[in-house]
Amino acid sequence: MKIAEIKKLKNFYHNQLLEQVIPFWEKSDLFDKEYGGFITSVDREGRSYNNDKSVWFQGRCLWTFSKLCGTYGEKPEWSMAADSGAEFLKKYCIDPTDGRMFFTVTRDGRPLRKRRYFFSESFLTVGLAEYYLVRHKKEDLELAEKYFDLMYRIYCDPASDPFKITPKENAEVRSLHSNAAPMVLVSSAQTLRRANPDKKEYYDGVIAAIINDMLSLHCKEELHCVLETVYANGDILDNPVGRTVNPGHSIENSWFLMNYASETGDTELLEKALNILRWSLELGWDNEYGGIYYFRDIYGRPCEQLEYDMKLWWVHDEALIATLFAANLTKDPYYDEWYKKIHAYTFNHFPDDEYGEWYGYLHRDGSVSHTQKGSLWKGPYHIPRALMLCEKILAAAEKGEKAKELL
C-alpha cells in the first residue's frame, strides 16, 4: 500500500473506534452504575434485555477500557469503567469454595453457573494485566499471574483442577485435546510477558511449550488446516467433532503466533503461522457470497453445527488483524489482497450506520440474522481490539516499520 492509503486507513480505524463503536457502548446500558461491572446483553439501540452478567465480559471489558486508557489517554468514562470492572470481577466472579471462576452471575453478583473450561480465568488474566499497566497496583498483576498459573497447571494436569468436574467425554474411552485451551494460554502468557518483563524468561518457556502442542497436535500440514479437536496424541478423530475446522480460531491463532515470532525473530515459527493463515483463509472463504464461514469440515462432509455457514463479526475482526499484520511483516501482496477483500466485506456488512456498533450475526448471504448488539458472547472486545490493533499496525507501516507487541 502507498503511504496515502495507509494514512487514510489508519484514520478510518481510529474514527470507527472512537466515533462509531465506543460511543455506542458509552450511551448504552453497558455500565452498571448501581452494582458495578458490565451488562453486555443489549439490543440494537443499546438497551438491556438481559441483566445477567457474563464473567467472560467482565474481564474482556476490563481489558478494553484499560487498553483505551493506556493507548489514547484516560477519559472519565473509561477510567470509571475499568475501575468498576476490576472491582466487580474480583469481588463477585471468583468462587471462594475452590478459587475457580463463574461463567455467569446475576446483575448484583450472585453466582449462576460455572463451566469446566478456564476461559473465565483467561479473561481475568488479560483484563487485570492490562489494568495493571494503567493503575500499577501490584496486587492486580499478582492475581493475574495466579490465575495464569492455575490455568497452566490444569492444562498440564487436568486432575489438579480444584473444580473437580468430569471431562466433557469419557476420557477412558476417548481422550481428546482441544486447541482452544492452548490458544487462550498463549495470548494470556504474551500479555503477562508484556506486563511483567522481569518474568520474560518464564513466559517464553511456557509459550514455547504451548506452541509446540498447538503445532504438533492440531496443525495438519498434509490437510492444510488446524483441527479444533484431536485425540490426545494428535491423531485425527474421524467424526464431525474431529473433522471440524473453525477458520476464525485458526486465523486468530495465526496472528498470536506471528506476534510472538516477530518479537523473538523466529522465522520458522513465522512461516508456520503464515501457513495457518493462508490455509484458513482459503478453506474458510465463501466464494459465492463472500465472508468467512463459521465452521468447515476438512473432508467436505456435513457439519453438525446448524450455524456452520453463518458469518460472525469476531471471525472477520481476527481476519482483519491477521491479514494486515501478515502484509506488514512480509510485504507479500498476497496478504495485502486478502486484507483488502476482508476489509471490504466487513465494512459493507457488519456496521450499523443508524445506531452505531456492529451486527454480530449474518446469514450466509450477508443479511442480518440477529439485530442485538450484545449478549453473553458479544460485547466491546473483538471489535475494539481489531480497530485498535489495525490502527497500530498501520501506524507502524506509515513509518516504514514492522508492528510489534500486539498482545
Side-chain angles (χ1 to χ4, degrees), residues 1-18 21 63-64 66-73 126 129-130 133-134 186-187 189-198 200-201 203-204 207-208 211 251-278 280-281 316-344 346-347 382-407:
M1 281 187 280
K2 295 181 180 179
I3 290 295
E5 186 178 6
I6 290 172
K7 288 182 178 179
K8 182 178 179 181
L9 283 166
K10 184 188 73 172
N11 291 335
F12 173 81
Y13 286 112
H14 182 88
N15 292 337
Q16 279 283 313
L17 175 71
L18 298 182
V21 172
W63 181 91
T64 295
S66 298
K67 189 72 171 179
L68 286 168
C69 289
T71 304
Y72 301 102
V126 296
E130 204 66 48
L133 290 169
V134 175
V186 163
S187 61
Q190 290 191 65
T191 303
L192 285 171
R193 182 176 177 264
R194 176 166 53 87
N196 190 357
D198 291 343
K200 175 182 177 297
E201 187 174 343
Y203 289 117
D204 281 343
I207 292 168
I211 288 175
I251 290 167
E252 187 174 7
N253 264 329
S254 77
W255 74 259
F256 290 172
L257 299 181
M258 280 188 270
N259 182 69
Y260 191 65
S262 69
E263 291 178 14
T264 58
D266 189 334
T267 55
E268 182 179 353
L269 177 60
L270 177 59
E271 186 61 32
K272 290 178 179 179
L274 292 169
N275 284 341
I276 291 170
L277 174 58
R278 187 177 69 254
S280 304
L281 291 169
H316 295 77
D317 287 327
E318 302 311 316
L320 284 170
I321 299 168
T323 52
L324 187 60
F325 196 19
N328 171 256
L329 293 176
T330 68
K331 311 303 179 188
D332 187 335
Y334 171 88
Y335 299 108
D336 192 54
E337 290 170 9
W338 266 108
Y339 160 70
K340 290 177 180 177
K341 182 159 66 171
I342 291 162
H343 174 93
T346 299
F347 289 99
H382 281 284
I383 299 171
R385 184 174 75 169
L387 297 173
M388 281 190 270
L389 295 188
C390 285
E391 182 185 350
K392 182 173 184 175
I393 295 166
L394 290 160
E398 185 180 3
K399 298 175 184 177
E401 299 174 354
K402 293 181 179 180
K404 59 183 179 179
E405 282 198 339
L406 299 191
L407 287 167

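Since we're looking at a predicted model, the values are computed, not measured. What you see below is based on every heavy atom in this structure, not just the backbone, and it leaves out hydrogens, waters and symmetry mates.
With hydrogens and angles disregarded, a donor-acceptor distance shorter than 3.5 Å links the side chain of Arg194 to the backbone of Leu407. Put simply, the side chain of Gln190 gets close to the backbone of Phe256: a donor and an acceptor are under 3.5 Å apart. Distance alone, capped at 3.5 Å, places no donor-acceptor pair between the Asn328 side chain and the Leu324 backbone.
Neither side chain, Glu405 nor Asn259, offers a donor N or O lying under 3.5 Å from an acceptor on the other.
In summary, Glu130 and Lys67 engage in a salt bridge, as defined by a charged side-chain N under 4.0 Å from a carboxylate O. No salt bridge links Glu337 with Lys341; every basic N to acidic carboxylate O contact stays at or beyond 4.0 Å.
Ile276 and Ser280 make their closest contact through O-OG, 2.7 Å (heavy atoms, listed as atom of the first residue, atom of the second, distance). Ala322 and Met258 make their closest contact through O-CE, 3.6 Å (heavy atoms, listed as atom of the first residue, atom of the second, distance). In terms of heavy-atom proximity, Leu269 sits nearest to Leu257 at CD2-O, 3.9 Å. The heavy-atom pair separating Lys10 from Leu394 by the smallest distance is N-CD1, 3.6 Å. Nearest heavy atoms, Ile321 versus Ala386: CD1-CA, 3.6 Å. Closest approach of Trp63 and Val126 over heavy atoms only: CD1-O, 3.5 Å.
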Verdict with reasoning, His316 to Phe347, per ring pair (Phe, Tyr, Trp, His ring centres under 6.0 Å): CA-CA 10 Å; His316 295 77; Phe347 289 99; over 10 Å; no
Verdict with reasoning, Lys340 to Glu5, per salt bridge (charged side-chain N to carboxylate O under 4.0 Å, His left out): CA-CA 11 Å; Lys340 290 177 180 177; Glu5 186 178 6; 3.8 Å; yes
One pair to check against side chain to side chain contact (heavy atoms under 4.5 Å, CB included): Phe325 and Leu277. What are the steps and the verdict? CA-CA 11 Å; Phe325 196 19; Leu277 174 58; over 6 Å; no
Show, in sequence, the C-alpha distance, side-chain angles and deciding distance for Glu318 and Arg385, and conclude whether the salt bridge (charged side-chain N to carboxylate O under 4.0 Å, His left out) test is met. CA-CA 9 Å; Glu318 302 311 316; Arg385 184 174 75 169; 3.0 Å; yes
Any chance you could lay out the side chain to side chain contact (heavy atoms under 4.5 Å, CB included) test for Lys200 and Asp204, step after step, and finish with the verdict? CA-CA 6 Å; Lys200 175 182 177 297; Asp204 281 343; 2.8 Å; yes
Apply side chain to side chain contact (heavy atoms under 4.5 Å, CB included) to residues His14 and Tyr72 and explain how you reach the verdict. CA-CA 10 Å; His14 182 88; Tyr72 301 102; 3.7 Å; yes
Steps toward side chain to side chain contact (heavy atoms under 4.5 Å, CB included) verdict (Gln16, Phe12): CA-CA 6 Å; Gln16 279 283 313; Phe12 173 81; 3.7 Å; yes
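In this structure, the separation between OG1 on Thr346 and CD1 on Ile383 is 10.0 Å, given to the nearest 0.5 Å. Residue Trp338 holds its CH2 atom at 12.5 Å from CG of Leu320, rounded to the nearest 0.5 Å. Once rounded to the nearest 0.5 Å, the distance linking CD of Glu271 with OG1 of Thr330 reads 9.5 Å. Distance check: Tyr13 OH to Leu9 CG gives 6.0 Å after rounding to the nearest 0.5 Å. The line from OG of Ser262 to CH2 of Trp255 is 11.0 Å long, rounded to the nearest 0.5 Å. Rounded to the nearest 0.5 angstrom, Cys69 SG and Leu133 CG are separated by 12.0 Å.
By the 4.5 Å heavy-atom criterion applied to side chains, Pro384 and Leu17 are counted as neighbours. Under the 4.5 Å side-chain criterion, counting only non-hydrogen atoms from C-beta, Lys7 is not in contact with Met1. Within the 4.5 Å cutoff, no side-chain heavy atoms of Tyr260 are placed close to those of Val186. With a 4.5 Å cut-off on side-chain heavy atoms, Asn275 and Arg278 count as touching. Looking only at side-chain heavy atoms (C-beta outward), Asp336 and Thr323 stay at 4.5 Å or farther from each other.
Around NZ of Lys331, the count of heavy atoms belonging to other residues, nucleotides or ligands within 6.0 Å exceeds 12.
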